[in-house]
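Quick notes on the structure that follows.
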Amino acid sequence: MHYKSRDIEKRWQEKWDKEKSFSATKKDDKEKYYVLEMFPYPSGNLHMGHVRNYSIGDVVARFKKMEGYNVLHPMGWDSFGLPAENAAIKRQIHPNDWTWSNIDNMRKQLKELGIGYDWDREVATCHPDYYKWTQWMFLQLYKKGLAYKKKSFVNWCPSCSTVLANEQVVNGACERCSSTVNKKDLEQWFFKITHYAQRLLDDIEKLSGWPDKVKTMQQNWIGRSEGVEVDFNVEGTDKKVRIYTTRPDTIFGVTYMVVAPEHPLVKELIKGTEQEQTCNDFIKKMQFLNDIDRTSTDVEKEGVFTGRYVINPLNNDKVPLYLGNYVLAEYGTGVVMAVPAHDQRDFEFSKKYNLPIKVVIQPKGEELKAEDMKEAYVDEGYLVNSDQFNGVLSDEAIGKIIDYVEAKSFGERKINFRLRDWLISRQRYWGAPIPIIYCEDCGPVPVPEEDLPVVLPTDVKFTGVGESPLSSSESFINAPCPTCGKKGKREVDTMDTFVCSSWYFLRYCDPCNQKLPFDKESISYWMPVDQYIGGVEHAILHLLYSRFFMKALYDMGFVAHDEPFKNLLTQGMVLKDGAKMSKSLGNVVSPEEIIEKFGADTARLFILFASPPEKDLEWSDQGVEGCYRFINRVWRIINDFSHAAKENNDINTSNFTKEDKELWFMVNNTVRRVTEDVGHRFNFNTAISAIMELVNSLYNYKDKVPDENKNNGILKVALENVILMIAPFIPHASQELWQFIGKEGDVHDQKWPEYDKSALVKDEIEIVVQINGKLRDKIVVSSGLDKKQIEEEALKSDKIKPAIEGQNIVKVITVPGKLVNIVVKA
RNA sequence: GCGGAUGUGGCGGAAUUGGCAGACGCGCUAGACUUAGGAUCUAGUGUCUAACGAUGUGGGGGUUCGAGUCCCUUCAUCCGCACCA
């Protein structure tokens with residue numbers, strides 16, 4: 001019997017496929033376990049990152065199944081998106097054809113990897129049966145006021161005359177023609193994720209099974225800050241400008257004020273001033289800059305005077321109002337008070353434009369002088385030059401000044417978030433159409449739910465020019481107004497693909513439902529996802545959007561939980577020669593070629609063995625060969641001892657030899673270690689090495705113990721356990737071996753092995769003896785000895801005795817079962 | 001700048017609660033079997049040393065009987081956010 005990966009793998013894959021071995025059905029008497037890997041974009045071929053992601057998921061799924069859980073392990077396709085459209089433009093293939101042929105190929109590759117999915121639950125976001133419900137989601141959010149329209153900027157390439165996605169803008173230039181990208185404002189749809197900012201932040205606490213790194217990233221992304229808004233009157237007008245600050249303790253130090261060039265008030269304020277022309281030039285210049293050139297910290301601060309002055313309500317100081325590149329229109333009020341003495345950005349700006357610096361916070365034990373300052377002083381101190389607040393500690397002053405501002409009605413306290421609303425409009429073809437019809441009389445009207453899906457038309461030209469490709473489809477754009485029946489026009493933008501992927505995990509629970517996206521009963525049973533696995537690149541957007549969807553659906557009563565993913569594992573990248581595999585670097589290893597040569601089991605085993613799942617993994621051809629050798633080693637030892645496994649052999653511990661005892665200990669201890677490593681820690685690399693050690697012991701036993709003395713009872717259990725424990729990692733080979741040793745049924749339907757605790761208790765144990773913390777000897781003692789007896793044994797040891805002669809024993813520390821440390825002094 | 005990691009042999013990595021550093025694998029060395037070996041098996045393999053032994057987890061300091069693990073400090077690399085007022 002020889003190990004031929006190709007034949008074996010094919011045979012079992014066909015059987016699993018035909019018998020739907022991994023299909024999941026709701027069972028009320030069984031505890032469920034939902035394991036999910038982030039679904040792929042169907043680019044055409046699996047890469048090693050996919051192999052890693054799905055191998056990890058499959059180990060978890062198969063292990064949990066063997067542990068007795070009712071496991072849901074589905075797969076699908078995140079199949080809308082830009083590459084399909086680019087293929088259409090470049091090669092004149094319809095995005096639909098391109099995408100589906102890619103899906104077919106990748107599905108085949110996944111099956112060749114032997115991943116145990118329930119293929120009856122497969123979803124593809126580009127299928128009308130799916131995007132119908134994505135559109136339905138949009139309508140629900142619209143109904144709740146969580147979807148709205150407003151003007152916003154898009155990246156616009158003047159030469160291609162088309163909208164570009166952020167990914168298509170490379171260093172401020174169009175990825176296709178390299179001309180400079182500028183901004184164009186369009187009416188676009190948004191989801192009001194900011195409505196959930198506080199809950200998204202608070203509930204991070206609930207995510208105990210998420211990595212801290214991801215939780216911190218989400219926290220920072222949401223970026224809550226507490227502060228106050230204050231109105232400053234514009235001198236000589238009846239207008240006010242409102243600022244937002246988190247440092248009201250420095251408000252007496254304001255020496256000028258800066259407003260974002262896009263701020264709606266700016267046009268009015270500069271009208272008729274001497275500076276109107278310079279201001280307009282500055283605004284125009286800013287408009288042509290892309291976000292990176294405009295908002296990177298390296299960019300020098302720049303601004304112009306507006307010709308206007310504003311009055312600080314706290315001390316009636318009159319200060320100039322500037323336009324500045326470093327103020328963001330979308331955050332706070334779009335206007336900042338500038339305190340150069342205590343804010344580094346303001347400090348730099350004031351130096352450049354010769355604006356005064358006024359110290360209002362004095363640190364303990366030294367005195368700042370404005371003219372000597374090299375940088376802003378941003379730390380704590382006592383207030384000065386601040387009227388009635390002089391002498392107050394800055395931390396306390398924050399609250400006191402806010403109270404004062406509110407009492408005097410100068411403004412009010414405010415909480416701000418860094419998180420912005422989610423712009424979902426895309427001027428693209430290959431996405432879910434936004435289900436809205438514009439009517440001259442009724443305005444934007446949602447498409448009635450019974451008319452969904454709004455199907456993507458096929459008569460679209462892919463020119464790569466213009467705003468939205470859908471506007472070129474006559475059959476699509478014209479539609480009667482659902483309210484009044486008059487001629488209307490359809491929305492021609494499609495949704496961001498992140499919308500499609502924000503709820504796919506729910507559809508898996510009830511994938512064929514024609515009446516609803518899912519029924520509540522299925523959702524209540526399967527959700528939440530017990531283990532979610534994917535790349536850390538989705539730590540913020542995808543995970544945050546999914547959390548937002550879950551909360552919105554929860555509030556609408558469609559789901560029973562308000563967090564979608566209980567545990568999250570962010571797997572590391574697959575590297576080759578220290579760099580991420582990429583075509584441009586030429587360091588790509590294709591899964592197909594490895595499967596062809598060594599089989600899927602070897603590929604999976606290597607990728608799981610080479611590194612713990614959350615760390616990056618360095619590809620090694622020799623490492624792969626090592627794993628192939630190991631499978632062969634398992635194959636041979638099971639072949640050698642198969643007779644023992646096939647017979648009825650009982651275990652009688654009373655007639656164990658020393659070698660038997662050792663092997664029996666190994667067998668049981670390995671079950672313990674592997675169960676812990678796989679089940680509790682997800683340390684597949686150490687689980688595999690534990691199995692390797694057991695296999696090594698079996699070879700050792702085979703060599704050292706004469707045939708007539710071999711204990712077939714132990715060997716039988718050992719072989720069975722090796723096959724069962726290795727099954728989640730190398731399912732095909734273990735399935736073949738399971739059958740080979742005469743077992744019925746599928747290996748993944750077997751019970752996960754248990755261990756005999758009494759076998760882990762040893763009669764004799766090795767104790768380390770140290771002198772002053774340094775290893776001096778190892779002694780073997782009976783495991784029944786108490787502390788004192790162990791100590792006596794240690795002091796009697798041949799190596800220790802001479803070493804401590806003539807020295808004073810200061811104390812002896814004994815850790816039962818581990819070591820004795822003798823502390824001596826000369 | 002802010003935030004988060006990581007740093008252990010020639011390489012990937014292990015050490016779960018402060019208790020034998022280097023499990024397991026790769027590579028390398030020697031040997032066995034063999035017509036042959038890029039198959040398989042056996043033994044060895046951190047560094048220095050002929051050996052006894054000494055030394056060793058990025059560097060420096062500390063706590064402790066005992067530190068890869070805890071504390072302080074410093075360096076390096078990687079990742080995320082990036083003018084958020």
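Here the structure is a predicted model, which means the values were calculated and not measured. In what follows, every chain begins at residue 1, and chains take the letters A, B, ... in the order their sequences are listed.
- Distances shorter than 4.0 Å separate none of the side-chain N or O atoms of A:Arg345 from OP1 or OP2 on B:rG1.
- Aromatic pair A:Trp422/A:Tyr545: ring centres closer than 6.0 Å.
- Taking the centre of each ring, A:Trp619 and A:Phe606 come in below the 6.0 Å mark.
- B:rG27 is paired with B:rU45 under the criterion used here, namely a Watson-Crick or G-U wobble arrangement in which both key atom distances are under 3.5 Å.
- Within the nucleic acid shown, A:Asn821 comes within 4.0 Å of at least one base atom, counting heavy atoms only.
- Across all strands, A:Gln344 comes closer than 4.0 Å to no nucleic acid atom at all (heavy-atom distances).
- Between A:Lys615 and B:rC78 there is no side-chain polar atom (N or O) within less than 4.0 angstrom of OP1 or OP2.
- The separation between A:Asp616 atom CG and B:rG7 atom C1' is 14 Å, rounded to whole Å.
- In the set B:rC81, B:rA39, B:rC65, B:rC81 carries the atom at the smallest distance from any side-chain atom of A:Arg418.
- Contact check, A:Lys811 against B:rC65: a side-chain N or O comes under 4.0 Å of OP1 or OP2.
- Under the 6.0 Å cut-off for aromatic ring centres, A:Tyr353 and A:Tyr256 do not qualify, their centroids lying 6.0 Å or more apart.
- When both pairing distances are held under 3.5 Å, B:rU16 makes no Watson-Crick or G-U pair with any nucleotide shown.
- Separating the C1' atom of B:rU74 from that of B:rG80 is a span of 24 Å, rounded to the nearest Å.
- Residue contacts shown for A:Glu330 are absent, as no nucleic acid heavy atom lies under 4.0 Å away.
- With distances taken from any side-chain atom of A:Leu775 to the nucleotides B:rG4, B:rA21, B:rG19, the minimum falls on B:rA21.
- In the set B:rG3, B:rG4, B:rC41, the nucleotide with an atom closest to the side chain of A:Asn220 is B:rG3.
- Summarising the geometry, the separation between CG on A:Asp677 and P on B:rA23 is reported as 17 Å, rounded to the nearest angstrom.
- Distance, A:Arg672 CZ to B:rU16 P: 12 Å, rounded to whole Å.
- For the pair A:Arg673 and B:rA15, the criterion of a side-chain N or O lying under 4.0 Å from OP1 or OP2 is not met.
- Of the candidate nucleotides B:rG12, B:rC81, B:rC20, B:rC20 has the atom nearest to the side chain of A:Lys778.
- Remark: the separation of the P atoms in B:rU73 and B:rG19 is 25 Å, to the nearest Å.
- One finds a side-chain N or O of A:Ser225 lying less than 4.0 angstrom from the OP1 or OP2 phosphate oxygen of B:rA85.
- For B:rA39, neither phosphate oxygen OP1 nor OP2 lies less than 4.0 angstrom from any side-chain nitrogen or oxygen of A:Asn632.
- Base pairing analysis places B:rC81 opposite B:rG1; the two distances defining the Watson-Crick or G-U wobble pair are each below 3.5 Å.
- Under the Watson-Crick or G-U wobble criterion, with both distances below 3.5 Å, B:rU6 is paired with B:rA76.
- Spacing between atom CG of A:Asp703 and atom P of B:rC33 amounts to 15 Å, rounded to whole angstrom units.
- Salt bridge present: A:Arg345 and A:Asp343 bring a charged side-chain N and a carboxylate O closer than 4.0 Å.
- Contacts of A:Lys774 with the nucleic acid, taken as non-hydrogen atoms under 4.0 Å apart, involve only primed sugar atoms and P, OP1 or OP2.
- As a whole-Å value, the separation of A:Glu625 CD from B:rA39 P is 8 Å.
- Contact between the side-chain N/O atoms of A:Arg636 and the OP1/OP2 oxygens of B:rC41 is found at a separation under 4.0 Å.
- Heavy atoms of A:Ser620 sit nowhere under 4.0 angstrom from any nucleic acid atom.
- Put simply, A:Arg420 has no side-chain N or O that comes within less than 4.0 Å of OP1 or OP2 on B:rC84.
- Taking the six-membered ring for Trp and the full ring otherwise, the centers of A:Phe682 and A:Phe684 sit less than 6.0 Å from each other.
- A:Leu575 has its side chain out of reach of A:Leu617: every pair of non-hydrogen atoms, C-beta onward, lies at least 4.5 Å apart.
- A donor-acceptor contact under 3.5 Å is not formed by the side chain of A:Lys818 with the base of B:rC20.
- Taking the ring axis of A:Phe665 as reference, the NZ or CZ atom of A:Lys762 stays within 45° of it and closer than 6.0 Å to the ring centre.
- Taking the O4'-C1'-N9-C4 or O4'-C1'-N1-C2 dihedral as appropriate, B:rG9 has a value within 90° of 0 and is therefore syn.
- Here B:rA85 is the nucleotide among B:rA23, B:rC65, B:rA85 with the atom lying nearest to any side-chain atom of A:Tyr244.
- Between B:rC20, B:rC41, B:rC24, one nucleotide has an atom nearer to the side chain of A:Val768 than all others, and that is B:rC20.
- Taking side-chain N and O atoms only, A:Asn696 has a distance below 4.0 Å to OP1 or OP2 of B:rG25.
- A 3.5 Å limit on both hydrogen-bonding distances identifies no Watson-Crick or G-U partner for B:rC52.
- In this structure B:rA36 sits in no base pair that meets the Watson-Crick or G-U test at under 3.5 Å.
- For the pair A:Arg604 and A:Phe729, the cation-pi test (distance below 6.0 Å, angle within 45°) is failed.
- With rounding to whole Å, A:Ile691 atom CD1 is found 19 Å from B:rA23 atom P.
- For A:Arg681, whose side chain is taken as the heavy atoms from C-beta onward, the closest listed nucleotide among B:rC79, B:rC20, B:rU16 is B:rU16.
- Nucleotide B:rA21 has no partner under the Watson-Crick or G-U criteria, as no pair reaches both atom distances under 3.5 Å.
- Atom NZ of A:Lys702 is separated from atom P of B:rU40 by 13 Å (rounded to the nearest Å).
- Nearest nucleotide to the A:Gln770 side chain, out of B:rG25, B:rG19, B:rA85: B:rG19.
- If you find the closest nucleotide of RNA chain B to A:Ser689 and to A:Asn685, the one lying nearer the 5' end belongs to A:Asn685.
- Each of B:rC41, B:rC83, B:rC20 was ranked by its minimum atom distance to the side chain of A:Glu766; first place goes to B:rC20.
- For A:Met692, the listed nucleotide lying nearest its side chain is B:rC24; candidates were B:rA82, B:rC41, B:rC24.
- Atom CG of A:Leu575 and atom C1' of B:rU6 are 14 Å apart (whole Å).
- Nucleotide B:rG68 forms no Watson-Crick or G-U wobble pair with any nucleotide shown, as no partner meets the under 3.5 Å limit on both distances.
- Among the atoms of the strands shown, only primed sugar atoms or phosphate atoms (P, OP1, OP2) are found under 4.0 Å from some heavy atom of A:Gly626.
- Look at A:Lys580 and A:Asp616 and you find no salt bridge, because none of the NZ, NE, NH1 or NH2 atoms lies under 4.0 Å from a carboxylate O.
- Residue A:Asp212 is classed as having no contact, given no heavy-atom separation below 4.0 Å to the nucleic acid.
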